[in-house]
Structures are given as C-alpha cells and as structure tokens.
Amino acid sequence: MTRLSTYFLPTEREPPAEAEALSHKLMVRAGLIRQVGAGFWTWLPAGWRVHERVVQIVREEMNAIGGQEMLMPVLQPAELWRRSGRYGIEELFKLKDRRGADLVLAMTHEEVVTTHVAAAVKSYRDLPLILYHFQVKERDEPRPRAGVLRTREFIMKDSYTFDRDAEALDVSYQKHVLAYDRMMDRCGLEWYRVEADVGMMGGTGAHEYMAPCPAGENEVAIAAGYAANLEVASAEAQPVAPQPPLAAPEVVPTPGMTTIDAVASALSVPDGALLKAYPIILDGDEMRLVVLRGDHRVNEIKLQNALGMPFRPAHADEVAVRLGPPGYIGPVGAQMPILLDAGVAPGGYVTGANQADAHLRGVEPGRDFSFERVDVRTVMTGDTVNGSVIRIEPAIEVGNIFKLGTRYSEPLGARYLDETGKEQLIWMGCYGFGPARAAAAAVEQSADEQGISWPRAVAPFDVEIVVVGKEGSEERAFADGLYGELQELGLDVLYDDRDAGPGEKFTDAELLGCPLRVTVGRRTLGAGEVEVQLRRGKLATSVLLEDAAEEIAELWRGLP
RNA sequence: CGGGGAGUAGCGCAGUCUGGUAGCGCACCCGGCUGGGGGCCGGGCGGUCGCAGGUUCAAAUCCUGUCUCCCCGACCA
C-alpha cells in the first residue's frame, strides 16, 4: 500500500538545526530516518526500503561466492569476550543480567562464530567455510555523528571465512574482493578499494571500500593505479630545491626561533630544507629520534607499524635531559638511534644544534649522522606514485575486508586435523559491510539542490506517480489505473494521491528522489500523453496514454 | 576525555541581559475558492518553556544542581 495519502513519509521543509552533513539533512527531510538519541536512529518505511535494497544486493553477492547466511545473537556472555581478550575494549557495551552475570552487546561476532566452528569443525574436509549474517552491532562510540554515518547501533553484514592455511585464506579473501567490488558497483556508488591499516589486533592484510564524499570521515590518497587510506599511504615526496653543500655543518644563531616556520624564513630557505626531529619513547623507556623533512608530518600509524610496537612522544623534560633544549634538537651528536624518513633526499639540511638558540646548516645524512631508513610520513597532495600525482579526498568507509589469521582461532580453540592427522589452527578472515553507510554515501554522491537522486538499484521506489487534479477527476482515474498497471509490470510504485497542490507534490518527489517521476495532469492528458521526468538531470519526456505503463517500465530498465 | 554551542508548539526560531497574561513563520484541524511548482480568504487546535531544587508577592527569565543533544578535536580492535 504505497499511496502517499496513507503512507508514513513525514517530509520536512527545513533540515534539523543540528544537521551538518548533506545526507543527514536530506534523509531526515525526505522522511527516511528519525533520530532517537545520540547515535540511535529509526528507519522509517521509505528509508527502510532503501536499507533493505542494499541488504538484498549484499546478500545476493555473498551467496554468489558461496556464503551461507545465518544469525547470531547481539546479547552475549562476557566470558567469550574475556577468552578472546576483547572484553577490555572501551567501545564494548557491558551489562549484567538479573542474576548479576556479566553480558556484552556484541560489536562484531568473531567470538560466537569461531566458537561454533571450533565445536563443529574437526577435519580439513569441513573447510573452507564462508558464514555470514546481517545483525545489529552495538558500539559505544565516543562521538556519534552525521545521521546514520556514525552511530552506536547499526546493522552490518559480517562474514567470516575459515580456511586451512594462509594460502587458502587468500582464496577466500579474493572471493570477497570480487563480491565487494560488485556490491559497490550495484549500489551505484563511486568507490575505491584502498589499502588499510591492519590495526592493533594484528592480521595480515586489509582493504577498505571507500565512497568519496564531503561528509566522509576518512581520507584516501588516490593516484592513477593507486589508492590507500591516508593512514598507511606511501608516496614519493615532491623534491625541494637543493641547498649549497658545505664541507661540514656550520652553526647559525637562531635566537628564540623554535619553529620550522621561524627558522626557515630567518634563513630564507623553504620549510623542506629543514629537518624536523621528533623524539619518541618506546616501551622500555628507550628513546629514538625520528627525523623527517620540515614540511612533512609524522604519520603515527605508519610509525607504529614501522617500529612494530607502541610508542609515545617524548615529554619536554625528557628531551631536555637526554638530547637538548626543545625547539633546537637535531640528529647531529644525538646519543640514540635515528630513524630517517624516506622523504629525505640526500643533500644538506638545516637542523637543530642541540643547544639553545642555534641551528646547524649543511647537515648531510650519512656524513654527519648515521640512521636507519623508515617510511613514516603522512602523504601530501602533490606527492607522486609511479609518476602520477596524488590527490587526497574525504571518503566514507562502506566496507572492509580483513585477514585475521589465527587471532581468534587460537584463543577460542578452532582447530582441525589435516591429511596427515596433525592438528592445525584454522585461518580466518572477517568482512564487514554497512548498508546504512552505503545508503548515506549514495545520497551524498548523487544529491542536488532539490534533494536526493537515488541510483536506480537502491531507490526507495522505482517510480513516483504525481497526479495533479482533484478527487473524482479524469486525471485521478487515469493515475489510479496507471498505478495498478505499473505494479503489475513489477515496478515498485509510490503514488502521490494526496489532496495537495502540485508544487508541494513536485517538491516532495524531488526531495525523495525516485529515479522516475510520472506526472498525470489535465494538460498532458488532454494531449493524449503523460509526462515522465528522469530525476537525474531532470530530463522530461512524454509517453502516449495507450501503452504508458509499458513505456515507463522500458524507460526505467534503461536507467543507470 | 578537552574546547565551543543549544534545549520554548510537529519543524525552524524570537522572548532570557532588565522577573509581571508565552509569541512568530511554516505545518496541522474546519469551511470555501484554486488546481502543472509549497496558491488565496475566513475561523480554529496545540507548549508542565529539558528536569529537580532554591530566591521572590511573582520565574521561560535570577541562583544551584542535573539530564539530553549538536559542532570541533582526541578516539574509532
């Protein structure tokens, strides 16, 4: 029953005052979603249709690679999470039942699915497996934001693969690459598959599926043939003008100049002619000096990955005691290992002199200090990969695929016997996909001044019929009939049969953004036609009354 | 967690400084006109001013506490 006169589609003329992101504003205005609390959202009927269309696409692609759909509970015993070592995670909602037993609201389902597999799988003959489900996930996010883009409760497709070894895991992973590529395409999104950080939980490889748009929370570095999350991106730095070489470093007075900017402008050299020293403390209280070009920034994720262990920036007093006055430190004479960033080309640089109010000029890496090469800087716009220039765009992470390895099979005891009767750990992968984010990304990428303009595959309805004419009129009668005919042709039709003005109906139709709008009014009816407008580009055409439904369906099939 | 902002009718807001009958636009309801881009006329409904305590003859307004929401940052296995 999708006559607008009886359908729950509360549209708003104005966006909520607190809304910032385009998708947030439009999805609320169009009557797709409503907020319940910080990070809690209701999907209204039309919004839920969008969500379910995305879900169906994901389901079909998962089934196509041999995925088996199931369902696991959100509420789980804390014990499982203690066993996997994830009970301490801040974002995990924890609660107690009436008997005082500790429970959690699951944020993903590795623990449960691995437990089942551990119990049931005995032999290499039982592998591989691809298990998945759509389920509510709960995360106590520090800061929910932007409508359904970042919420504390959301539905996610999670799949888990179980394989005999790393090579077999690669195969399962590759299947997911294929499935995910198709899901993103079918949702009508512009997207990139980017290299991603594997995070603290380890793992042996990860990609994220990113949909570029202004409201995105992630940044991706993109060049021809290259795409990576900025967190892990790597590229060639833009060169800086070489400085005249000196036989040995030379002290230059720089009173009060403790910033790159101040020193560079005092010496009339570009920022990139300086070397920046970033002192860090490792676990065992060891100090290291990370050295990179003055115009570059340390990427802490890359640095941590390069170190293979956590670190923290050194405090000012530690620097003063072990190296030199903060603001004037440098690699020359430093009594600690030096990590030199890959962005530093051979040549002479200006560095801190490890004494107050002085810098050194003509410092050459290798000649004046020894070092270990690392790649720990944040890539910038204009850097290059294989000669092509990097650009950086904000993007929404719609999905991610991740090789877990034995991270969960080990603590949860998921093992099997191989052909030789030897016990082996199962190799796992996990793969998430957020339908809500896919929907929001589609809105972000396709909206215009009038509202949403859905890709055909995820629109709440295929066609919206707008009838202009009062109850009992010839226009109404024709529109009523057309409504039925289009439905019989298999289209999802929204029929605006409200007793409202044409302006209001057109405005609402454009806000909701169904791919086709059919207008039935006296003007065209008299001419023996009805008007069909494509939401994208607002192109209007007319079709003859006799076979209007068939022609409209034909138009719809040809849409992107 | 740090910084900033906001809670008054369904939505968007004014009123708070300077205490004195709670307002505006849109939406909604009734009647009529209109019928291809939020049209017009007339008449209506709707609010414990986030919550609790305090000051006062009197509190949306002043004081104290508390809850909630938003934005920026941190964070986001």
Side-chain angles (χ1 to χ4, degrees), chain A residues 8 10-21 24-25 28-29 31 34-41 81 84-92 104 106-111 137 139-147 149-152 154 158 196-203 206 208 215-218 229 231 300-301 304 310 313 396-397 400 402 404-405 407-408 411 430 432 434 437 450-451 466-476 479 496 498-511 517-527 529-531 533 538 540 542:
Chain A
F8 189 49
T11 56
E12 296 290 343
R13 187 181 292 232
E14 303 197 53
E18 65 274 8
E20 202 69 29
H24 181 185
K25 291 178 183 171
V28 171
R29 281 190 56 208
R34 282 294 184 273
Q35 183 166 22
V36 175
F40 306 128
W41 289 83
W81 291 68
S84 71
R86 293 210 296 174
Y87 190 63
I89 292 174
E90 292 258 335
E91 284 73 28
L92 185 65
V104 306
M107 49 202 296
T108 56
H109 286 72
E110 280 85 354
E111 281 81 1
K137 311 279 167 167
R139 296 186 189 178
D140 195 358
E141 291 286 348
R143 186 151 98 83
R145 58 179 291 274
L149 233 45
R150 183 166 213 86
T151 55
R152 292 196 284 175
F154 58 98
D158 243 339
D197 182 34
V198 294
M200 292 294 287
M201 280 302 181
E208 291 163 338
E217 300 185 285
N218 297 274
N229 192 313
E231 293 175 350
E300 300 201 347
I301 292 169
Q304 176 159 327
I396 296 177
E397 180 189 347
N400 66 71
F402 194 102
L404 286 167
R407 164 69 182 82
Y408 292 91
C430 68
R437 284 190 171 179
Q450 279 73 40
V466 170
V467 61
V468 182
K470 56 186 153 190
E471 202 77 49
S473 66
E474 193 187 333
E475 300 89 80
R476 288 277 176 161
D496 191 348
R498 294 175 300 172
D499 181 22
E504 190 176 348
K505 292 187 174 190
F506 292 145
T507 308
D508 271 355
E510 274 148 23
L511 178 59
R517 186 189 82 198
V518 176
T519 310
V520 180
R522 193 160 49 185
R523 201 161 78 191
T524 48
L525 213 54
E529 302 173 329
V530 293
E531 178 192 301
Q533 190 190 67
K538 304 280 224 38
S542 291

Derivation of the side-chain contact (heavy atoms from CB on, under 4.5 Å) call for A:Arg145 and A:Glu217: CA-CA 10 Å; A:Arg145 58 179 291 274; A:Glu217 300 185 285; 3.1 Å; yes

Once you round it to whole Å, what is the distance between [atom2] of [N] and [atom1] of [X]?
X	N	atom1	atom2	answer
A:Glu18	B:rC13	CD	C1'	14 Å
A:Glu91	B:rC75	CD	P	12 Å
A:Tyr408	B:rA77	OH	C1'	6 Å

Is any side-chain heavy atom of A:Lys505 less than 4.5 Å from a side-chain heavy atom of A:Val467? yes

Could you tell me whether the side chain of A:Val104 reaches within less than 4.5 Å of the side chain of A:Arg86, counting heavy atoms only? no

So if I take every side-chain heavy atom of [X] and compare against [options], which nucleotide ends up nearest?
X	options	result
A:Ala17	B:rC72, B:rC70, B:rC13	B:rC13
A:Arg143	B:rG12, B:rG73, B:rC70	B:rG73
A:Thr507	B:rC75, B:rG38, B:rA77	B:rG38

Enumerate the protein-to-nucleotides 33-36 of chain B contacts in which both atoms are nitrogen or oxygen and the separation is below 3.5 Å.
unit_1, atom_1, unit_2, atom_2, d
B:rG35, N2, A:Ala500, O, 3.1
B:rG36, O2', A:Arg523, NH1, 2.5
B:rG36, O6, A:Gly521, N, 3.3
B:rG36, O6, A:Thr524, OG1, 2.8
B:rG36, N1, A:Glu531, OE1, 3.3
B:rG36, N2, A:Glu531, OE1, 2.4
B:rG36, N2, A:Glu531, OE2, 3.1

Please give the distance between the C1' atoms of B:rC17 and B:rC62 as a whole number of Å. 11 Å

Pairwise P distance, B:rG23 and B:rC30 [rounded to whole Å]: 25 Å

Given RNA chain B, 5'-ward residue of the pair A:Glu217 and A:Glu20, judged by closest heavy atom: A:Glu20

Upstream residue (5' side of RNA chain B) when A:Thr108 and A:Val36 are each assigned their closest nucleotide: A:Val36

Side-chain donor-acceptor pair present, A:Ser84, A:Glu111, cut-off under 3.5 Å: yes

When you measure from the side-chain N and O atoms of [X] to the phosphate of [N], is any distance below 4.0 Å, counting only OP1 and OP2?
X	N	answer
A:Gln450	B:rG37	no
A:Arg407	B:rA77	no
A:Arg145	B:rC72	yes

Shortest non-hydrogen pair, A:Asn229 vs A:Ala196, comes out as CB-CA, 4.5 Å

Between N or O atoms, less than 3.5 Å apart, protein on one side and nucleotides 23-32 of chain B on the other: list the pairs.
none

Just to be sure I understand the rule, does A:Pro16 reach a base, reach only the sugar-phosphate, or reach nothing, if contact means heavy atoms closer than 4.0 Å? sugar-phosphate

Using a heavy-atom cut-off of 4.0 Å across all strands, would you classify A:Ala146 as base, sugar-phosphate, or nothing? sugar-phosphate

Base-pairing mate for B:rG37 - Watson-Crick or G-U, with both contacts under 3.5 Å: none

